[in-house]
Amino acid sequence: MDGTLRILEKFIASKTPHLIVTADAAGIVQAQSDEEWNAIFRSADLRTPDSVGVLWAAKRAGKPIKEKVSGVDLVDRLCSLSADHGYRIYFLGAAPGVAELAAEKLRLKHPGCNIVGARHGFFPQDSDAIVAQEIAETRPDILFVAMGIPRQEKFIRATQSTIGASVAMGVGGSFDVFSGRAKRAPMLLQKLKLEWLWRLILNPRKIAKAKNLPVFAWRVLTSSK
Ligand code: UDP
C-alpha cells in the first residue's frame with residue numbers, strides 16, 4: 001500500500017493522465033473474454049491486487065505480493081493525502097446521491113479533503129463525452145470511477161485526454177461502502193479474509209461475478225508457473 005501511494009504521488013506530480021486498475025480475480029477472468037478490457041488492463045499505468053485470489057495466484061507464480069491494495073482502501077488513503085496536500089478529487093459513480101453522500105462522509109473523516117465534485121454513474125455510454133466535459137471543468141488531480149469492472153475502466157480510457165486527471169482509477173463498490181449503503185463485513189470475517197462471502201450473501205447480483213472465481217482458480221492451477 002505504501003509503495004502504491006508513493007507511485008500515485010509521482011503520477012500526481014507529473015500532471016499527465018494515468019490509468020490505474022484495481023484488479024480482482026473476477027475482473028481478470030472478464031479480461032480474458034473482452035478484448036477492449038484486456039487491452040486496457042495490459043496497458044494500464046499501474047495494476048494493484050484487489051483480492052485474496054490475486055495474492056494467491058501471485059504466490060503460486062513465484063512472485064508473492066505482500067498485501068492487498070483495494071480500491072476502497074485507496075479512496076480512503078488518497079482522501080487523507082488530499083487533506084494534507086490539497087489534491088483535487090472527483091467522485092463519479094454509484095446510484096444517484098451515493099457519491100455525494102460518500103464525499104460528505106469522507107470530508108468528515110478527513111477534514112480538509114478536497115473533493116471538488118461528485119456525480120452518479122447511471123448514464124449511457126454515448127453520454128460519456130458530455131459527462132467527461134462536466135468533470136473536466138472541476139480540474140481534478142484524482143478521479144475515482146465507481147461503475148463496476150470493466151465499464152469504469154472503459155470510461156476512463158475513452159475520456160482521459162478530456163478530463164486530464166493525473167490519477168484515474170476504477171473503484172467498484174467503494175462509494176456504496178463509504179456512504180454507508182453497503183456495510184463492510186464484521187471485523188472477524190475481514191480478518192478471516194471472508195469479506196467476499198459477506199458481500200455475496202448481501203448482494204445476489206454478485207453471484208454473476210462469483211461464477212468467475214472457480215474459473216480463475218482453475219486457470220491458475222492449470223497454468224505453468
Ligand atoms: N454502477 C454505476 N453505473 C452502472 C452500473 C453500476 O454507477 O451503470 C455502480 C453501482 O451502483 C455500484 C458500482 O457501480 O456502486 C459497482 O459495484 P461492484 O461492487 O459491483 O463493482 P465491482 O468492483 O465488483 O466491479
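Counting starts at 1 for both ligands and their atoms, following the listed order. Hydrogens, waters and symmetry mates play no part in the numbers below; they use all other heavy atoms, side chains included. Heads up: numbering here begins at 1 and tracks the sequence.
- For ligand 1, one of its N or O atoms has an N or O atom of A146 under 3.5 Å away.
- The side chain to side chain contact (heavy atoms under 4.5 Å, CB included) test with P140 singles out one residue from I163, L92, N114, I89, and that residue is I163.
- Those atoms of ligand 1 that come under 4.0 Å of a heavy atom in G93, given as number and element, are 7 (O).
- Under the 4.0 Å criterion applied to side-chain N and carboxylate O atoms, D128 and R151 are assigned as salt-bridge partners.
- Screening residues 29-55 for ring-ring contact (aromatic ring centres under 6.0 Å, His included) gives W37-F41 as the qualifying pairs, with residues at least two apart or on separate chains.
- Between K209 and ligand 1 there is a heavy-atom distance shorter than 4.0 Å.
- Taking a 4.0 Å cut-off on heavy atoms, F175 fails to register as neighbouring ligand 1.
- Only the backbone of A95 comes within contact range of ligand 1, with a heavy atom under 4.0 Å; no side-chain atom does.
- For atom 25 (O) of ligand 1, the candidate residues are V177, V145, V98, I149; the nearest heavy-atom contact is made by I149.
- Within the listing of ligand 1, atoms 2 (C), 3 (N), 4 (C), 7 (O), 8 (O) sit less than 4.0 angstrom from a heavy atom of G121.
- Residue pairs that meet the salt bridge (charged side-chain N to carboxylate O under 4.0 Å, His left out) test with at least one member in residues 30-45, sequence neighbours left out, are D34-K154, E36-K154.
- Across S174, P150, G173, A210, heavy-atom proximity to atom 17 (O) of ligand 1 is greatest for G173.
- Counting heavy atoms under 4.0 Å from ligand 1, residue A26 does not touch it at all.
- Salt bridge R107/E104: present, at least one basic N to carboxylate O contact under 4.0 Å.
- R77 and T4 share no side-chain donor-acceptor pair at under 3.5 Å.
- For ligand 1 and D176, the ligand atoms under 4.0 Å from any heavy atom of the residue are 12 (C), 15 (O).
- Under the 3.5 Å distance criterion, with hydrogens and angles disregarded, a donor-acceptor pair is assigned to the side chains of D76 and H110.
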